[in-house]
Each structure stands twice: as structure tokens, then as C-alpha cells.
Amino acid sequence: MKHTLIIIVALASLCFNSMAQDRYININSDNVSLIYHVGDNGRLYQAYLGPRLSHKSDYANLTGDIEAYLTHGMEDYFEPALHIEHSDGNSSTELKYVSHSVASAADGASRTTISLADDQYPTTVELIFDVYAHQDVIVEHAEITNGEKRPVKLHSYASSLLSINRSHYFLTEFSGDWANEVNMSESELNFGKKVLDTKLGSRASMFMPSFFQLSLDAPATETSGNVLVGTLAWTGNYRFTFEIDQHHRLRVISGINPYFSTYELKSAEKFVTPDFIFTYSTGGRGKASRNLHSWARNYRLKNGTGNRMTLLNNWEATYFDFNEEKLVGLMDDAVRLGVDMFLLDDGWFGNKYPRSSDHQGLGDWQETESKLPHKVGYLCEQAAKKGIKFGIWIEPEMVNPKSELYERHKDWVIHLPNRKVYYFRNQMVLDLSNPAVQDHVFGVVDRLMTAYPQIAFFKWDCNSPITNIFSPYLKDKQTHLYVDYVRGLYKVLERIRAKYPDLPMMLCSGGGGRIDYEALKYFTEFWPSDNTDPVERLYIQYGFSSVYPAKAQCAHVTTWNKNASIKFRVDVASMGKLGFDIKCSDLKEDEIKFCREAIGNYNRLKPVILDGDMYRLVSPYEGNHASTMMVDDAKDHAVLFAFDINPRYSEHLLPVKLQGLDPNRNYRITEINRMGDWPLGCDGKTYSGEFLMTVGLHLFSTSRLKSHVLELTVQ
Ligand code: GLA
């Protein structure tokens, strides 16, 4: 150990000396700079984060001096990013700069790696930053290596610490619950800590997904202001700590929640933290969202640049009450509507304990013979005959105690051996830290795909948080469970992606209880909420769009909110990945005809809606209306959605200014998805981009639950 220590320290001082004239490390995207500084004491400080600084000669004037990856046990009194208990019981770590390098990451990002080491212990930390220059997105993580001969304990191990020095800080959080996801609220931060975290484990983001917006100096609007938007790519417990110190400087620490998660790192073992993904915008929240959307489509989402299928799901049409005949009838409905796929939801499996309700059967992934005597193969054949694809629901990480799986493998289930079980939706969570359970979960998908290679889509659900926190597998390492559960899940998803790289999958968790950018490497889309009331969806889709692109947000037309016309419901759902969860018998003939036409429009406009830039023109939070538009890259083609929600009787209605167009070109406007009503006055007219963005269009009325969809085509 002594030798290694000497070598590390020697190398450190060598590199440090050669750096003397170049003590600044700049991590630049097109419009943003993150700059680090090596102090005279050899430690690394964050000098700056903000709009891009292109003159290196200015760096020496930067005053930021908060340590880049603050460690426990040293002189800074605030929350550390890293807390290691060394094998001799000493809990302090002091990190000094060793070297840094810049290279290309596998996906073409520019990767800066900064290596740090402690000169008393052979502990090393690498801070790794992948920069996506055009999107102004920086993806940061840390790798912590134990060079000691004996294990060390990691008590906290953040992915990132960013420090900012501004006059005011306004934090927007996105909190809620089942069917009430992502409610936005903003508050000013003052001295002390604000913590956003979760301890839910599997259904980790049921109360709040892992992202935030932080406005600097003053609250940002959609089109103006400085805003940092961050999100942790971790499908488990996360924690964001916002701490303001005595000088009113803010530190933002992002990472796995250290709650009950002390992690023992063996000799020579490396702990790789999840990615903290952030963007910084000087053009308000809208620009920040577009940065992340574009980054996600191009670099992160499974098949992010590919197509998406429209679908008909049977969940709300039948719940658990179906048989072959009903399902085939719904396939006919799918054909009548003109969607691409039929999706069979919960309730198709279990024989000893048929899944006739959510009380039993979960875990037994064989078709219920009484419901599906000819099995899934027959349904695939029927779908193929009708010219549509077939998809299927699974919830492979979970088990009902009333199941054959539970009877066989109680040791696979997370539960406290000596206490009464607490059930969430009558179910329990399988112990994914156990490799045998990982094989089982992989096998659920693999066996279905092997038996029925025609399956074209999976909806992967997760309806319970981790309850009764005790792993029979981990024995005396219980504090590894929250982390190893997620790592086990990734091992399974990695195997699925490797074997079925083109298989589209929807991430669902009793609605939007589990969404993050690590999971979305393996999923093409997610289910934001079980609440499909279109008015509620205007808020929910708006909230999620802060970070996730329209392409990833599934939006279904259902029977929720009978006061809203089918047109209103379809128009809201057409702003995301469109689907239906309704029977044709719930609709009148003219409504079915409208749906068919709207689906045709949607298919034609998918490249704009799903791959274009999103501009949130009017927020539903502002009052009685909402409007969003999408514009393609070339600014040739745009689609605009406008909604009257609950206007006042004689409201003063103003025109809405469009965004993202070319001011010097003319756009012809056509109102589409029409159903009976008069079109808007702008229908059929041509305007310059300048006019549309400066003067705007009258899109709103004083009628309740009215909607309009406009197509703009450059002339
Ligand atoms: C969850 C999902 C629903 C549906 C049910 C089935 O609640 O969010 O869409 O799949 O499970 O049990």
C-alpha cells in the first residue's frame, strides 16, 4: 500500500507541476461553461458555471472556490458529496488533483475525466463529464475506487456537486401521487437545506420524479431567464440537496439517496455512481427542455430517433374481465380506429390462482386456460390476420403471495422474516439483488419472446414500492439492498436489450411512479399517469415535458371526463405518443370517424410532433387555457395545439404569440382534427413567421373544453 501511495503522490505532484500554467479545466458546450480550478493546495475547486466564457485569459479572474467534490471530515462545514469510512475507521478524505484528460465518449460526446486522489489513503475518485455540445447538456458521474487492502464503507457517494453564486435561487419541484403526478410548484431557497428525495425503492418516483428546475437570480419564464435543469438517471432512491451557505452560495448535490444505503467497497473495487444530467439555459425553461428533449432522442432513449406505434389497450375497456372473444373484438376496434397495435394488459395469466383481480396470480406467467384456451399464440395470429401488431403487459419484478411463484420461492421475495407483511396493492417485490431472481425476471420476457416471437411490444409495470425492506439473499449486507436492487434490474434490462434490441417497451409504474433517464435507455416510452382525464393530462404532460420529450410520453384516449368531447381527448393525447384505451361501443359513429381521421393526421405529422422542437406557448398553470406547438428542424412544418379549459364568461382574450418559426418565411395555416365546429379565423390563411411570433393568432374562446389543432406549412 505504501508503494502505491508514493507512486500516486509522485504522479500527482508531477502532473500538478506540469499544470502550473494551466490550472483551469474548462468543460464547454456551445453555450455553457463549467470551469474547475486547481488551488495552490492541489485541491480541485469549481470556479464557474454559467453562460460560456470563451477567453481563457479571463479564467484567472473567476472567484468560485467551493470544492468540486466536497469530502467529509475536512474544513468545509456543509453537506459533503463523498463520505468514506476507511478500513482503519478514519472517516476523512482529502482529494487532490492528479490529472485530467479529454477524449471522445462512445456516443461521440466529448468526455473530460478529472482524476483525484487522497495522499493518506489509496482512495481515488474520477469525475467524468460527457458534454453534448449542441444540446448544452452535460452528463456527470463519479467513479470511486478503493485502493486499500481491506473494505471501506461508502456512507454517501454523490454523482455531482455543483456550486452557484447568485442573488436568488428559485426551485421548481414536481410533486404528487398516484393519478396526480408532477404538480409544479416554485419556491425561493434561503439559508440551509432543501432536500428532494425518495425512499420508495422500486416505484421510486411515485411522489416525485428525479428532476428539478432551478431559476437563478429571478424566476425564469418559458422564454427568458437563467435556469438549470437537472435529473438523476437512477431507477431507485435518489436525493437532491440544495444547500445555501453563510455567503448565500448554493450547492446542489445530486446522487443516490444515502438513506439506509451504506455501501461496502471491497479492495480494488470501483463504485460507479449514476449519471446526473443537466442543462443550463439563458433562454428560459423552454430552451432548457428542448435541450434535454433533443439530447434524449439522439443519445438516450431506446430507439430515440425511430418510429412509435399507435395502439389500442384493453385495460380500461375490460379491466380483468375478458376472454378471447372480447379481445379479438377489441382487435377489430383497433382496426376500425386505424391504430398500429393491440396491447393486452393485466389479467391474462395464472392458473392455480387466476389473475381475476389484483389479489392473486402475479408471478405465474402462464396463460389462464379458462380465459385464453388457445394461448397468446392465438391472439398473435388474430392480430396478424387483421394487419396489426400485438403487445403484452407484464409486471415481472413482483409477486402476489397468492401465487405458485411465492409458494415455490418465498426466499426470492423481499420481506422481513419476523414481522407481519405490509402489502402494497396486495403484492410484494422480488429480490433483484439475487442473480436467480434476475434470471427469473429475464426469463419472463425471454420465454414469451421465444414462444411467441410475433410479440411486438411490452408494457413493463411496477405497482409496488419496496416494502418490508429485508433481502434474504444479502444476509448481513442489508444496506446494499436499495442499490443492488437497481443494479439487478439493469442487469436484466441489459440482457433484454442485448437479445431484443429493437423491441419497443413501455415503462409503467401504476402510472408515472418510475421514470428516469437510465431506465429510458431500455424503454422507448413511459406511462405518465393512470389519470387520463384530458384536463388533468394537460398539466401532467406539461410537467413531464420539462425534461422528457413528447415522443417518450404515452398519452391515451379513454372515457375519463365525459364532459370533454372525443375531439378534446384526442387532441390532448395527440401531443404525446398516441394510444386508445376505449371500446368502439363507447363511441358514436361520427366519433369513430373523427378518431380515424385524427389518427391519420397524427401518423402524417409524427415527424413534427414526436421529433420536432417543443414550444410551450401557454401554460395550463397560468389560468384557463393551454397551448403547445412543435416545429420541425428545418422550420418548414409545425403543429399547434390550443385548449380552452375553463374560461371566464367575458374574459379578455389576447392573441397567442407563436415561437420557433422562421420570421422571414410565410406559413399557411390549416385547421385539422375538425369535428363539426367552425374553424378558427386563421384557417386557410398565410402569415409571415414574423407576424405569427410578434402579433400572434387568436386561438382561444370563452367556451369550456374546446380545442384546436393547426398545421403550419411553409410556403
Ligand atoms: C397499473 C398501470 C395500468 C394498468 C394496471 C394493471 O396501474 O398503470 O395502466 O396496466 O396497472 O393492473
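One-based numbering, in listed order, for ligands and for the atoms of each.
Counting atoms of ligand 1 from 1 in the listed order, those under 4.0 Å from a heavy atom of W393 are 10 (O). Per-residue contacts place K459 under 4.0 angstrom from the following atoms of ligand 1 (heavy atoms of the residue considered): 3 (C), 4 (C), 9 (O), 10 (O). Within ligand 1, the atoms closer than 4.0 Å to a non-hydrogen atom of C508 are 2 (C), 8 (O), numbered from 1 in the order shown. Residue D346 approaches ligand 1 through these ligand atoms, each under 4.0 Å from one of its heavy atoms: 6 (C), 12 (O). Those atoms of ligand 1 with a heavy atom of G510 less than 4.0 angstrom away are 1 (C), 7 (O), 8 (O). Every atom of ligand 1 is numbered from 1 in the order shown, and the set under 4.0 Å from a heavy atom of D345 is 4 (C), 6 (C), 10 (O).
Taking the six-membered ring where the residue is Trp, the centroids of F212 and F240 are separated by under 6.0 Å. The aromatic ring centres of F320 and F322 sit 6.0 Å or more apart.
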Might you work through the side-chain contact (heavy atoms from CB on, under 4.5 Å) test for I388 and M341, ending with a clear yes or no?
CA-CA 5 Å; I388 53 174; M341 181 177 63; 5.7 Å; no
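When only non-hydrogen protein atoms are considered, atom 1 (C) of ligand 1 lies nearest to D461 OD2, 3.0 Å. Nearest protein heavy-atom neighbour of atom 3 (C) of ligand 1: D530 OD1, 3.5 Å.
Ligand 1 lies within reach of N463, whose nearest heavy atom is under 4.0 Å from it.
Using a cut-off of 4.0 Å between Lys/Arg side-chain N and Asp/Glu carboxylate O, D340 and K389 are scored as not salt-bridged. Salt bridge K326/D321: present, at least one basic N to carboxylate O contact under 4.0 Å. Between D611 and R308, no side-chain nitrogen of the basic residue sits less than 4.0 Å from a carboxylate oxygen of the acidic one, so the salt-bridge criterion is not met.
Ligand 1 has no N or O atom lying under 3.5 Å from any N or O atom of W315, backbone or side chain. At a 3.5 angstrom cut-off on N or O pairs, S509 does not count as close to ligand 1.
Ring geometry for H440 versus W412: interplanar angle of 30 to 60°, hence tilted. Ring geometry for F342 against F390 counts as tilted: the plane angle lies between 30° and 60°, on a 0 to 90° scale.
Only the side chain of R425 comes within 4.0 Å of ligand 1, counting heavy atoms alone; its backbone N, CA, C and O stay farther away.
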